[in-house]
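I have placed the structure first, in the form of structure tokens, so that the comments after it can refer back to it.
Below, chain A is the first sequence line, B the second, and so on; all start at residue 1. What you see is a predicted model, and the numbers here were worked out from it, not measured in a lab.
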Amino acid sequence: MGFKVIRPKFTHSMLTLTQIREERDQIIKALSKRGVDVTESIDKIIILDKERRFLQKELDDTLAQSNNLSRQIGELMKSGKKEEAEEFKTETVGLKKKSSDLKEKMQGHESSMNDLLYTIPNTPSDIVVAGKSEEDNEIISTHGEQVDLSDYCKSHWDIAKEKDIIDFDLGAKVTGAGFPFYKGKGAKLQRGLIRYFLEKADEAGYTEYIPPLMINSDSGFGTGQLPDKEGQMYNMKADSLYMIPTAEVPLTNIYRDTLLTADDLPIKLCGYTPCFRREAGSYGKEVRGLNRLHQFDKVEIVQISEPSSSDKALEGMITHVQSLLEGLELPYRILRLCAGDMGFTAAITYDFEVWSAAQGRWLEVSSVSNFETFQANRLKCRYKDADGAKNLVHTLNGSALALPRIVAALLENHQADGDVKIPVDLIPFVGFDKI
RNA sequence: GGAGGUGUGACAGAGUGGUCGAAUGUACCGGUCUUGAAAACCGGCGUACCGCAAGGUACCGGGGGUUCGAAUCCCUCCGCCUCCGCCA
């Protein structure tokens with residue numbers, strides 16, 4: 001069941017200024033696969049950076065001069081030469097003005113440079129194909145039989161209603177659309193799945209965390225939700241906090257502003273959390289039932305690894321997700337997203353989709369990505385290698401798994417004789433064998 | 001939420017507004033000594049930016065201010081500790 005990511009040796013792994021300076025052409029080319037032309041931004045950044053460095057040199061020199069004078073004033077004061085000291089003081093006035101002007105100018109450059117920098121998404125890996133939308137995604141493999149039962153089997157929302165295990169209307173009353181209640185065996189199924197996923201992650205060596213469900217803006221920035229996706233998160237304005245859209249945010253931000261050692265790596269974490277997403281702009285049959293919710297449950301796995309072994313880490317995560325789906329006896333397929341369909345921060349993403357027998361279509365249940373150094377650069381997460389050199393780590397994460405569509409697929413694919421059969425592996429976790 | 005205290009390098013812990021990027025101890029790394037180890041002694045040991053380099057600049061919880069000069073004074077925010085209130 002092992003999975004191999006085959007890729008050429010060359011990677012451009014970070015959008016640090018150094019990389020932009022040194023790999024301008026490769027970055028522009030790589031990002032053109034996403035369908036974006038960053039030539040103008042990159043060139044502006046390069047110019048701003050050059051000017052910034054010049055300004056900094058000026059600033060540093062000016063500060064050095066005034067530091068020098070201050071030191072001399074100190075000596076003069078000590079030896080009682082008050083008048084001379086006063087003379088020197090007047091001299092520093094001009095330097096002070098000069099340095100504060102330079103500082104302001106430099107900060108101006110920095111902030112317009114950063115504004116541009118934040119608009120540039122991660123560069124896709126070399127094996128990621130160019131493309132604009134999901135139509136260009138590559139299907140890597142398909143597993144299990146997918147039968148289109150849509151003519152005679154029931155949709156998950158009908159089953160859920162009939163068995164009285166999920167109540168969408170009640171959720172709409174109490175909160176709003178997209179916030180269902182799970183009830184009786186429905187609630188137990190949720191709980192069982194969460195436990196199943198956590199146990200499997202534990203067996204695979206991931207340390208379990210129960211993270212906070214709200215995050216501050218530094219964390220949102222660290223993993224790349226801010227400023228890019230601000231509108232997708234619920235925002236607690238009174239306290240400047242955001243509801244987490246995924247456990248990725250608190251889990252990865254554990255390592256914000258840290259310097260690790262090679263011995264610490266790889267770090268493997270997992271955590272179950274509810275996830276909150278505004279999903280602004282979604283509507284229609286795509287969002288019916290469990291297809292798209294504002295609040296849903298998910299177990300997330302996260303890895304922090306050395307750059308040289310992040311491909312291997314990604315393979316391990318893919319294999320792990322595969323084993324979960326196989327345990328659940330669901331037909332699924334693996335896609336490698338095209339450049340344009342990937343998230344802002346990802347260098348490479350594999351999506352897992354399960355077959356929805358009643359809807360006759362594939363539903364995304366997991367997304368496994370390597371962010372390479374993109375998040376690490378924002379997080380300032382580095383490690384000291386064996387030679388003592390400091391490098392950015394690679395960060396990765398994946399859903400293992402997101403519950404609602406798994407539940408939808410279980411209900412639809414495993415229905416027989418008016419009941420829903422629970423897969424054998426799952427029975428010990430939910431405590432019953434059919435619904 | 002109210003009152004008070006506190007926040008310095010991996011840790012512990014100094015620091016009168018003027019060579020303080022910061023004493024000292026521990027830990028850590030290298031060396032001497034030793035059959036080996038320990039001890040002792042010698043040396044090294046923060047991060048970032050600019051620079052080919054020499055070197056320069058910034059950083060003592062975050063931000064702002066006073067001053068020729070701030071780890072040291074002032075304001076503000078945050079974290080931690082103690083007491084009180086409220087509460088699962």
Over how many whole Å does the gap from L63(A) atom CG to A58(B) atom C1' extend? 9 Å
Output the rounded distance in Å from CG (L102(A)) to C1' (U57(B)). 13 Å
Can you tell me how far [atom1] in [N] sits from the matching atom in [M], rounded to whole Å?
N      : M      : atom1 : answer
G5(B)  : G64(B) : C1'   : 24 Å
G9(B)  : U67(B) : C1'   : 27 Å
G18(B) : C33(B) : P     : 45 Å
G56(B) : G65(B) : P     : 27 Å
G7(B)  : U66(B) : P     : 25 Å
C60(B) : A23(B) : C1'   : 14 Å
U76(B) : C68(B) : C1'   : 26 Å
G46(B) : U24(B) : P     : 14 Å

Could you go over nucleotides 9-11 of chain B and give all protein N or O partners under 3.5 Å, atom names and distances?
none

Using distance only, find each side-chain donor-acceptor pair of residues 197-205 of chain A under 3.5 Å and give its atom names and separation, not counting sequence neighbours.
none

Relative to F432(A), does K185(A) satisfy both conditions: NZ or CZ under 6.0 angstrom from the six-membered ring centre, and within 45 degrees of the ring's axis? yes
Looking at [Y] and [X], is there a salt bridge between them, counting it only when a charged N and a carboxylate O are closer than 4.0 Å?
X       : Y       : value
E315(A) : K312(A) : no
D61(A)  : K57(A)  : yes
K98(A)  : D101(A) : no

Closest-nucleotide mapping onto RNA chain B: is N68(A) or E75(A) further toward the 5' terminus? I mean the 5' end. E75(A)
Scan [range] for pairs that pass ring-ring contact (aromatic ring centres under 6.0 Å, His included), counting only residues two or more places apart or in two chains.
range                       : value
residues 255-277 of chain A : none
residues 60-93 of chain A   : none
residues 217-239 of chain A : Y118(A)-F221(A)

Review item, nucleotides 46-51 of chain B N/O atoms under 3.5 Å of protein N/O:
residue, atom, partner, partner atom, Å
U47(B), OP1, K390(A), NZ, 3.1
A48(B), OP1, R382(A), NH1, 2.3
C49(B), O2', Q56(A), OE1, 2.5
C49(B), O2', Q56(A), NE2, 3.0
C49(B), O2, Q56(A), NE2, 3.4
C50(B), OP1, R21(A), NH2, 3.4
G51(B), OP1, R53(A), NH1, 3.1

Each nucleotide N or O in nucleotides 59-64 of chain B that has a protein N or O under 3.5 Å away: list the pair and distance.
none

Return the minimal non-hydrogen interatomic distance between A347(A) and M342(A), and the atom names on each side. O-CE, 3.6 Å
Tell me the closest heavy-atom pair linking M317(A) and G398(A), and the distance in Å. CE-N, 3.5 Å
What dot-bracket string describes RNA chain B from 5' to 3', counting Watson-Crick and G-U wobble pairs whose defining distances are under 3.5 Å, with [ ] for crossing pairs and | for pairs to another strand? ((((((((.[[[..)..(.....]]].(((((.......))))).(((((....))))).[[[[[..)....]]]]])))))))....
Go through the side-chain N and O atoms of [X] and [Y] and say whether any donor and acceptor fall under 3.5 Å apart.
X       : Y       : result
T261(A) : D263(A) : no
S66(A)  : K96(A)  : no
R288(A) : N291(A) : no

Sorted by first residue and then second, give each salt bridge (charged side-chain N to carboxylate O under 4.0 Å, His left out) pair with at least one member in residues 238-251 of chain A; sequence neighbours left out. none
Residues that Q190(A) engages under side-chain contact (heavy atoms from CB on, under 4.5 Å), provided they are two or more places apart: Y182(A), D297(A), L403(A), V407(A)
Under the side-chain contact (heavy atoms from CB on, under 4.5 Å) rule, collect the residues that match up with K44(A), sequence neighbours excluded. E40(A), L116(A)
N/O-N/O pairs, protein side and nucleotides 65-74 of chain B side, under 3.5 Å:
residue, atom, partner, partner atom, Å
C68(B), O4', T92(A), OG1, 3.4
C68(B), O2', S70(A), OG, 3.1
G69(B), O4', S70(A), OG, 3.2

